[in-house]
*Asks:* 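This is the structure I want to talk about, given as structure tokens.
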There are 2 protein chains.
Amino acid sequence: MSAPTFNGTRESLLTPGQVAALFHVDPKTVTRWAHAGRLGSLRTPGGHRRFRESEVLALLRSLTTEATR
Amino acid sequence: MSAPTFNGTRESLLTPGQVAALFHVDPKTVTRWAHAGRLGSLRTPGGHRRFRESEVLALLRSLTTEATR
DNA sequence: TATTAATCGGGTAATTGGGGGG
DNA sequence: CCTGTCCCAATTACCCGATTAA
């Protein structure tokens with residue numbers, strides 16, 4: 001079985017809990033980031049959020065890099 | 001790699017596992033979506049579910065929120 | 001025909017969402 | 001302005017043995 005060719009975009013997704021673990025924050029906080037538009041999010045039909053790993057990692061790096069702020 | 005056409009169409013079909021990977025959820029969850037009517041499903045003669053790729057991708061897109069940022 | 005991996009079912013924990021308040 | 005916590009309802013994840021797919 002192989003992944004059906006779907007236009008070349010296979011993003012790996014992360015759960016709120018996983019993102020929260022990466023940032024050492026509460027999952028609720030991640031939810032607020034999504035609600036505030038700081039992080040793009042997918043919703044399952046049931047309403048739960050999923051986050052793009054690449055986007056999360058980019059944000060994480062931008063913080064760990066200690067960019068001047 | 002294509003088209004198990006037991007249903008008479010050329011639509012490419014996805015297994016529960018494939019759909020689950022796209023949404024990063026458990027295959028059982030995809031089964032529940034089908035049972036709840038949130039996602040159309042076909043059944044193999046043995047009872048296993050198959051999903052239309054086009055419908056799944058459309059659903060995935062409709063639930064995607066880009067962080068306009 | 002035999003093998004291996006995936007998906008059936010059900011049943012029970014764990015996570016998440018949303019509102020509200022510290 | 002931002003975050004952590006409490007509540008409850010809903011959704012999702014993991015457990016099993018048996019059946020199906022390739």
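Just so it is clear: chains get the letters A, B, ... in the order the sequence lines come, proteins before strands, and each one is counted from 1. Every value quoted in this text rests on a predicted model; they were computed, and no experiment measured them. The figures that follow rest on heavy atoms only: side chains count, while hydrogens, waters and symmetry mates do not.
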*Asks:* Quick one: list whatever passes side-chain hydrogen bond (donor to acceptor under 3.5 Å, both in side chains) with A:Glu53, sequence neighbours left out.
*Replies:*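 Per chain and number, A:Glu53 pairs via side-chain hydrogen bond (donor to acceptor under 3.5 Å, both in side chains) with A:Ser12.
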*Asks:* Sorted by first residue and then second, give each ring-ring contact (aromatic ring centres under 6.0 Å, His included) pair with at least one member in residues 20-49 of chain A; sequence neighbours left out.
*Replies:*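 The answer is A:Phe23-A:Trp33.
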*Asks:* Which residues pass the side chain to side chain contact (heavy atoms under 4.5 Å, CB included) test with B:Ala21, sequence neighbours left out?
*Replies:*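 For B:Ala21, no residue satisfies side chain to side chain contact (heavy atoms under 4.5 Å, CB included) once neighbours in sequence are set aside.
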*Asks:* Would you mind reading off the bend of the helix from C:dT3-D:dA22 to C:dG19-D:dC6 from its two end axes, five pairs each, to 10 degrees?
*Replies:*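 That helix has its two terminal axes inclined by roughly 60°.
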*Asks:* Whether A:Trp33 contacts D:dC2 is assessed here as follows: a side-chain N or O lying under 4.0 Å from the phosphate OP1 or OP2. Is that the case?
*Replies:* no
*Asks:* Below the 4.0 Å mark, does D:dT11 have OP1 or OP2 next to a side-chain nitrogen or oxygen of A:Arg50?
*Replies:* no
*Asks:* With B:Arg32, which residues qualify under side-chain hydrogen bond (donor to acceptor under 3.5 Å, both in side chains), at least two apart?
*Replies:* B:Thr29
*Asks:* Kindly say if B:Arg49 contacts the phosphate of C:dG9, meaning a side-chain N or O under 4.0 Å from OP1 or OP2.
*Replies:*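 Indeed, a polar side-chain atom of B:Arg49 lies that close.
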*Asks:* Please list, by residue number, the residues of residues 20-31 of chain A whose heavy atoms come closer than 4.0 Å to an atom of DNA chain D; answer none if no residue qualifies.
*Replies:* A:Val25, A:Asp26, A:Lys28, A:Thr29
*Asks:* If the condition is side-chain hydrogen bond (donor to acceptor under 3.5 Å, both in side chains), which residues does B:Thr64 pass it with, not counting sequence neighbours?
*Replies:* none
*Asks:* Of the listed nucleotides (C:dG17, D:dA21, D:dT5), which one gets closest to any side-chain atom of B:His48?
*Replies:* D:dA21
*Asks:* Taking only N and O in the side chain of B:Arg38, is any of them less than 4.0 Å away from OP1 or OP2 of D:dT11?
*Replies:*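 Looking at the OP1 and OP2 atoms of D:dT11, one of them is under 4.0 Å from a side-chain N or O of B:Arg38.
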